[in-house]
Amino acid sequence: MEQCACVERELEKVLHRFVTYGHQSEERLDELLRNVCELRSQLVTFGVQDADLSVLSQTMAQCCKEIKETVQMLASRHKDIHGSVSKVGKAIDRNFDAEVSAVVAENVWDSPEKQRNLSETIVEHLYRQGMLSVAEDLCQESGVVIDMSMKQPFLELNRILEALRMQDLRPALEWAVTNRQRLLDLNSSLEFKLHRLYFISLLNGGVDNQLEALHYARHFQPFAVQHQRDIQVLMGSLVYLRNGIKNSPYRSLLETNQWAEICNIFTRDACALLGLSVESPLSVSFASGCMALPVLMNIKQVIEQRQCSGVWTHKDELPIEIDLGKKCWYHSVFACPILRQQTSESNPPMKLICGHVISRDALNKLTNVLWIGLPTAPGTCAHCPLV
């Protein structure tokens, strides 16, 4: 993170100089334009024949001099900005390794099947981001065939998200009503939040929308039990509608971050209904790689310095454990309480009739010594090794 902070500081310097350069350039050019316009108006008003030629010559020379000095000043400052931009590139080269092939397995994409899986993952990510035309071009160039049943949910998802970004709630409300039962099974509050946001948009319209807001409040009836407090707040805000919600104790209802929040909630619940993760596998893999790459580069450097051969074999396991944070915890890790070993696909956890969980290897060993037996009483197991 320190490397990123160093590069970010250089970027902030460049952006500050760009902004300062833009303001100063506009002010200086506007001043020159005013001077030229004044000189032109004087010539039009008095005429050349009535003006003193010597004075006119001096004025024109002074104007040309100011223009030339301004151009030279802007060009000089523009060169300084180029120097700042080059410093950003040097900071990137100084803080990051350009060559990372040393920590990458050479045969990771060697088979056509793996290349097809990679292309499908990229296409899915593009569909999630709404880049439909780019995804179609990639499918044509890579030869990947995506079934329409896979594309259709993403098309609908992006259509609704685009409408939400334009603060249009109707497509999302129609989708939520259609999938009401499935959302209730997920214990989702999406439909209520959509109705709540639509009601707030009516309140924002003032007294003219008061009657419409009262009629729309009927949509809150199915959510009266779960969201009673929120509904009471919404109905109480009607009292201050004449004076304006912005000037009332309910002004927090008009916070603009609610639109970003409803987009996130819709994406999360829609992906849950589709059986998808909120973030695409490509973005998760990329973020994990960004966190793991510095650690891998450091351990690779240590291995080369100490000449430890055979530590890194480029197999399915890493030479060290890398903590990616709780955000990247997707599967629980179970360790057998008997053998003190972590379970795996070949040695999965097994649940006993008494409710305890051990590994399959432990179960096989217990079976061989006749430790497994039926419970002697309800809720107990006399032969369980964990009792």
Side-chain angles (χ1 to χ4, degrees), residues 1-15 87-111 114-131 134-135 138 154 161 257 260-261 263-265 267-268 270-272 274-306 308-335 341-345:
M1 295 302 295
E2 180 62 29
Q3 291 85 347
C4 294
C6 292
V7 176
E8 187 176 4
R9 284 194 291 268
E10 294 295 335
L11 282 173
E12 289 177 352
K13 293 179 182 178
V14 173
L15 292 175
K87 288 182 180 180
V88 175
K90 293 178 181 179
I92 294 175
D93 295 336
R94 185 172 59 252
N95 291 281
F96 296 96
D97 294 305
E99 180 58 42
V100 297
S101 59
V103 296
V104 178
E106 297 179 357
N107 58 347
V108 65
W109 306 115
D110 56 350
S111 66
K114 293 180 179 179
Q115 294 178 6
R116 185 178 67 254
N117 292 337
L118 176 61
S119 298
E120 291 177 354
T121 303
I122 297 175
V123 169
E124 179 184 339
H125 177 78
L126 294 174
Y127 279 136
R128 283 172 174 261
Q129 299 299 318
M131 303 178 182
V134 180
L138 179 59
F154 293 115
L161 279 175
N257 61 352
E261 180 185 357
C263 289
N264 294 333
I265 295 174
T267 302
R268 181 195 65 197
C271 289
L274 295 173
L276 301 171
S277 59
V278 177
E279 298 182 6
S280 70
L282 182 64
S283 60
V284 173
S285 301
F286 180 79
S288 302
C290 290
M291 289 187 285
L293 187 58
V295 182
L296 295 179
M297 295 296 294
N298 291 337
I299 192 63
K300 184 67 176 180
Q301 185 177 3
V302 172
I303 291 174
E304 291 177 350
Q305 290 176 352
R306 299 185 179 182
C308 303
S309 61
V311 177
W312 203 333
T313 59
H314 288 307
K315 292 184 178 180
D316 293 336
E317 59 182 17
L318 297 173
I320 58 173
E321 182 179 358
I322 300 177
D323 185 13
L324 299 179
K326 292 185 178 181
K327 186 178 180 180
C328 294
W329 288 6
Y330 296 99
H331 305 283
S332 60
V333 178
F334 175 76
Q341 294 178 352
Q342 183 175 315
T343 56
S344 61
E345 293 183 0

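Computed from a predicted model, the values in this text were never measured in an experiment.
For the salt bridge (Lys or Arg N to Asp or Glu O under 4.0 Å) test, residues two or more places apart in sequence or in another chain that qualify with K114 are D110. Listed by chain and number, the residues in a side chain to side chain contact (heavy atoms under 4.5 Å, CB included) with N264 amount to none (sequence neighbours excluded). The side-chain hydrogen bond (donor to acceptor under 3.5 Å, both in side chains) test applied to S344 returns S346, not counting sequence neighbours. The side chain to side chain contact (heavy atoms under 4.5 Å, CB included) check on E261 picks up K193, I265, with sequence neighbours excluded. Applying the side chain to side chain contact (heavy atoms under 4.5 Å, CB included) test to S280 and every residue at least two apart in sequence or in another chain returns H125, R128, L282, S283. A91 pairs by the side chain to side chain contact (heavy atoms under 4.5 Å, CB included) definition with V7, E10, R94, N95, not counting sequence neighbours.
No more than 12 heavy-atom neighbours from other residues, nucleotides or ligands sit within 6.0 angstrom of CE on M131.
Closest non-hydrogen pair, L138 versus S119, comes out as CD2-O, 4.3 Å. Heavy-atom minimum distance, T267 versus C263: OG1-O, 2.8 Å.
Remark: L126 CG to E124 CD distance equals 10.0 Å, nearest 0.5 Å. The line from OG of S288 to CG of L293 is 12.0 Å long, rounded to the nearest 0.5 Å.
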